[in-house]
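Whatever order the structure lists them in is the order used to number ligands and atoms, beginning at 1. Computed from a predicted model, the values in this text were never measured in an experiment. For the single chain, residues carry numbers from 1 onward in sequence order.
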Amino acid sequence: MAVQISPSILSADFARLADEAAAVAAVADWLHVDVMDNHFVPNLTLGLPVVESLLKHTTLPLDCHLMITEPDRWAPEYAEAGARNVTIHAEAAHAPVRTLRAIRAAGARAGLAVNPGTAVEPYEDLLPEIDMLLLMTVEPGFGGQHFLDIVLPKLRRARSVLTGQGAAIWLQVDGGVSEETIERCAEAGADVFVAGSAVYDSDDPAHAVQALRAQAERATARAAWTTRGRPG
Ligand code: DX5
Ligand code: ZN
């Protein structure tokens, strides 16, 4: 199970997005793009035109996280534009099966996100429709918030469900992921790590990505949920 790091440009300089993407292009697996509409979350960021421009200026695959009230309307368009992953929120989707299928039909990976207070169990029947489950480890809307430890039991349960199903679904954490918290996330079962302020508030974003990856890999190797971490 390979560790993947997805730096979030929410903490980058929005006037220099191409440069900010380039700063991590050699070391990151994805570029995480937070789309916020000031309705689903109390913040407004960017939308499809910016994603279309960014696609022309980076080699990194885009990991679009839609924090918007109408994912059914918009998510397929991000996939059609060329985003490699499009994640919708379970709390906002009215027709998640149709939308997740439309994302996949457009050639992207389909992600489903849940807020810290939303349980995964009601959405277990959707697992065949998704390629990644995103567990928010802060209330969505802003970068630089404190990691919510209360999500860790849910992360462990989600990992155990995915292992039990033999599903090749990635498990992403987003919010407050830093050198202080990434090992707890990896040990609990995460394999894709979004990091905004921990990367872009650093003097050396590329080095920050490499350091986070090294920490996550060490923690994954000793984690109980991985084959290598299992006793015997
Ligand atoms: C928050 C966003 C995150 C944000 C994380 O709602 O979904 O992707 O950029 O920022 P940090 O890593 O600073 O918590
Ligand atoms: Zn995000």
Query raised in the report: Would Val35 and Leu134 show up in the same hydrophobic cluster when neighbours are defined by side-chain heavy atoms closer than 4.5 Å?
Result: no
Pairs of nitrogen or oxygen atoms, one from ligand 1 and one from the protein, closer than 3.5 Å: please tabulate them with distances.
residue: ligand 1; atom: 6 (O); partner: Gly141; partner atom: N; Å: 2.7
residue: ligand 1; atom: 7 (O); partner: Asp34; partner atom: OD1; Å: 3.0
residue: ligand 1; atom: 7 (O); partner: His65; partner atom: ND1; Å: 3.3
residue: ligand 1; atom: 7 (O); partner: Asp174; partner atom: OD2; Å: 2.9
residue: ligand 1; atom: 8 (O); partner: His32; partner atom: NE2; Å: 3.3
residue: ligand 1; atom: 8 (O); partner: Asp34; partner atom: OD1; Å: 3.1
residue: ligand 1; atom: 8 (O); partner: Asp34; partner atom: OD2; Å: 2.8
residue: ligand 1; atom: 8 (O); partner: Asp174; partner atom: OD1; Å: 2.7
residue: ligand 1; atom: 8 (O); partner: Asp174; partner atom: OD2; Å: 3.0
residue: ligand 1; atom: 9 (O); partner: Ser8; partner atom: OG; Å: 2.7
residue: ligand 1; atom: 9 (O); partner: Asp34; partner atom: OD2; Å: 3.1
residue: ligand 1; atom: 12 (O); partner: Gly196; partner atom: N; Å: 2.8
residue: ligand 1; atom: 13 (O); partner: Gly144; partner atom: N; Å: 2.8
residue: ligand 1; atom: 13 (O); partner: Ser197; partner atom: N; Å: 3.0
residue: ligand 1; atom: 13 (O); partner: Ser197; partner atom: OG; Å: 2.5
residue: ligand 1; atom: 14 (O); partner: Gly176; partner atom: N; Å: 2.8

Report summary line: Test side chain to side chain contact (heavy atoms under 4.5 Å, CB included), reference Trp170, set Val192, Leu133, Ile130, Leu162, output is Val192
Query raised in the report: Angle at the Zn ion (ligand 2) between OD2 of Asp174 and ND1 of His65, to 10°?
Result: 90°
Query raised in the report: Are side-chain heavy atoms of Cys64 and Thr87 found at a separation under 4.5 Å?
Result: no
Query raised in the report: Can you find a pair of side-chain heavy atoms, one from Leu60 and one from Arg84, that are under 4.5 Å apart?
Result: no
Query - N, O or S atom within Asp34 nearest to the Zn ion (ligand 2), by name - result: OD1
Query raised in the report: Would His32 and Asp34 count as having a side-chain donor-acceptor pair, cut-off 3.5 Å?
Result: yes
Query - Any side-chain heavy-atom pair of Phe193 and Arg213 under 4.5 Å - result: no
Report task. Determine the interplanar angle of the His89 and Phe40 rings, folded into 0 to 90°, and report it as parallel if under 30°, tilted if 30 to 60°, perpendicular if over 60°. Result -> tilted
